[in-house]
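Notes to accompany the following structure.
These figures come from a predicted structure and were not determined experimentally.
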Amino acid sequence: QVQVVESGGGLVQTGGSLRLSCAASGGTFSTRGMGWFRQAPGKDRDFVAAISWGGGTTYYSDSVKGRFTISRDNYKNTVYLQMNSLKPEDTAVYYCAAGRRLRGGLSVDEDEYEYWGQGTQVTVSS
């Protein structure tokens, strides 16, 4: 089992940057793909970015490609989401999730993720 806890959210102006962290506990973190999702008020939760269990492959939604970077440190059991050039439409609660399958591939489907954090609020002011 894996527990994940997000941190690093906050209020930032348009064009600013934030780095989210997702600290995981549990022995299987390094063998699970990890993903970031977000949910804006009144909207469904959407895929943001994913990283393979080894860290060698990443995938991004079109809306954040070129602005956000996902990375992981398997020694620290932590996944990061570096967010640059933030826009008001990036305002949402950001969730970290651990993949359902060990050594599985990337997925944009939240059903492929088993363990979720409580989320961290990111607010971008215009």
So, T14 side chain and S125 main chain: donor-acceptor pair closer than 3.5 Å or not? yes
Please tell me if the side chains of [X] and [Y] come closer than 4.5 Å, counting only heavy atoms from C-beta onward.
X: L20; Y: E6; result: no
X: L102; Y: R32; result: yes
X: T91; Y: Q121; result: yes

Given F47, which partner from the list Y95, F37, Y60 fulfils the ring-ring contact (aromatic ring centres under 6.0 Å, His included) test? F37
Do you know the tightest heavy-atom contact between [X] and [Y]?
X: V2; Y: A98; value: CG1-CB, 4.3 Å
X: A24; Y: V4; value: CB-CG1, 4.0 Å
X: S21; Y: T78; value: CB-CG2, 4.3 Å
X: A92; Y: A40; value: CB-N, 3.8 Å
X: Y94; Y: L81; value: CD2-CD2, 4.2 Å

Which residue pairs satisfy the side chain to side chain donor-acceptor pair (under 3.5 Å) criterion with at least one member in residues 98-112, sequence neighbours excluded? R45-E110
For residues 64-86, pull every pair meeting salt bridge (charged side-chain N to carboxylate O under 4.0 Å, His left out), keeping only residues two or more places apart or in separate chains. D62-K65, R67-D90
From [atom1] ([X]) to [atom2] ([Y]), nearest 0.5 Å:
X: R38; Y: S61; atom1: CZ; atom2: OG; value: 6.0 Å
X: S30; Y: W53; atom1: OG; atom2: CH2; value: 8.0 Å
X: M34; Y: N77; atom1: CE; atom2: CG; value: 9.5 Å
X: T58; Y: I70; atom1: OG1; atom2: CD1; value: 7.5 Å
X: K87; Y: S126; atom1: NZ; atom2: OG; value: 14.0 Å

If you group Ile, Leu, Val, Met, Phe, Trp and Tyr by side-chain heavy-atom gaps below 4.5 Å, do [X] and [Y] land in one group?
X: W116; Y: V93; value: yes
X: Y113; Y: F29; value: no
X: I51; Y: Y59; value: no

Taking only residues two or more places apart in sequence, or in another chain, which ones meet S17 in a side chain to side chain contact (heavy atoms under 4.5 Å, CB included)? Q82, N84
Answer with yes or no after comparing the ring centroid distance for F68 and W36 against a 6.0 Å cut-off, counting only values under it. no
